[in-house]
Amino acid sequence: MIFLCRTEELQDPGTANVVLGKGEDELDIVIVKTGGKPHAYINCCPHQFIPLETFPNHFLTEDRRHLVCSGHGALFELATGICSQGPCAGCALDRLSITERDGMIYLDEALLPDEIARRKRESRRW
Ligand code: FES
């Protein structure tokens with residue numbers, strides 16, 4: 001397991017952004033807490049495969065009920081990552097498996113972050 005952030009860093013609802021690795025192996029992760037539970041997604045909009053945010057850790061709509069892509073305004077459900085409105089409606093952010101233990105949140109994936117990043121990159125179709 002790989003440490004991502006401390007639970008106390010997250011408001012509810014609230015987000016944290018963690019980037020593991022560098023360059024082509026970079027895995028950009030958005031962690032969102034809602035209803036007392038954290039969720040993690042690859043920070044990559046299914047519309048044009050860009051990170052959701054323009055400004056650091058600005059992922060939420062003003063009412064804090066959705067993640068929003070600053071590219072073209074797609075809205076994503078906090079607890080599922082499903083796009084409910086926007087150009088990629090019906091698509092979803094890629095969920096990452098995490099574990100919360102002793103006030104810490106860890107990435108809990110079978111694959112290493114660089115392998116996850118590589119697979120994500122290869123899955124893009126233009
Ligand atoms: S790139 Fe995210 S909505 Fe277009």
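First listed ligand is number 1; within each ligand, the first listed atom is number 1.
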F55 vs H58 aromatic rings, parallel, tilted or perpendicular, using cut-offs 30° and 60°? perpendicular
Atom 1 (S) of ligand 1: the protein heavy-atom neighbour that sits closest, reported with distance to 0.1 Å:
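Ranked first by proximity to atom 1 (S) of ligand 1 is H72 ND1, 3.4 Å.
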So for C88 against ligand 1, with non-hydrogen atoms under 4.0 Å, the contacting part is neither
Note: I50, heavy atoms under 4.0 Å from ligand 1, region reported as side chain
*Number the atoms of ligand 1 from 1 as they appear, then name those within less than 4.0 Å of a heavy atom of A74, with their elements.*
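In order of numbering, the contacting atoms are 3 (S).
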In ligand 1, the atoms that come under 4.0 Å of a heavy atom of Q48 are 1 (S)
Fill in: H47 backbone or side-chain N/O/S under 2.8 Å from atom 2 (Fe) of ligand 1
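False for H47.
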Check: Would a 4.5 Å heavy-atom cut-off, applied to side chains only, mark C44 and D94 as touching?
Finding: no
- prompt: Does a side-chain heavy-atom distance below 4.5 Å link E100 with T7?
  reply: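 E100 vs T7: side chains touch.
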Item to complete: Quick one: the SG of C69, atom 2 (Fe) of ligand 1, SG of C45 angle, rounded to 10°, please.
Response: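 Result: 110°, to 10°.
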message: Within the supplied structure, the quantity of interest is the number of heavy atoms (other residues, nucleotides, ligands) at a distance under 6.0 Å from Q85 CD; does it exceed 12?
response: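 Count not over threshold, so no.
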Should we say atom CZ of R95 is surrounded by more than 12 heavy atoms from elsewhere, each under 6.0 Å from it? yes
Does the residue P87 have a heavy-atom contact with ligand 1, meaning some pair of atoms that are separated by less than 4.0 Å?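 P87: in contact with ligand 1 (<4.0 Å).
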_salt_bridge(E115, R118) N-O dist < 4.0 Å_ =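 Judged by the 4.0 Å cut-off on N to carboxylate O distance, E115 and R118 do form a salt bridge.
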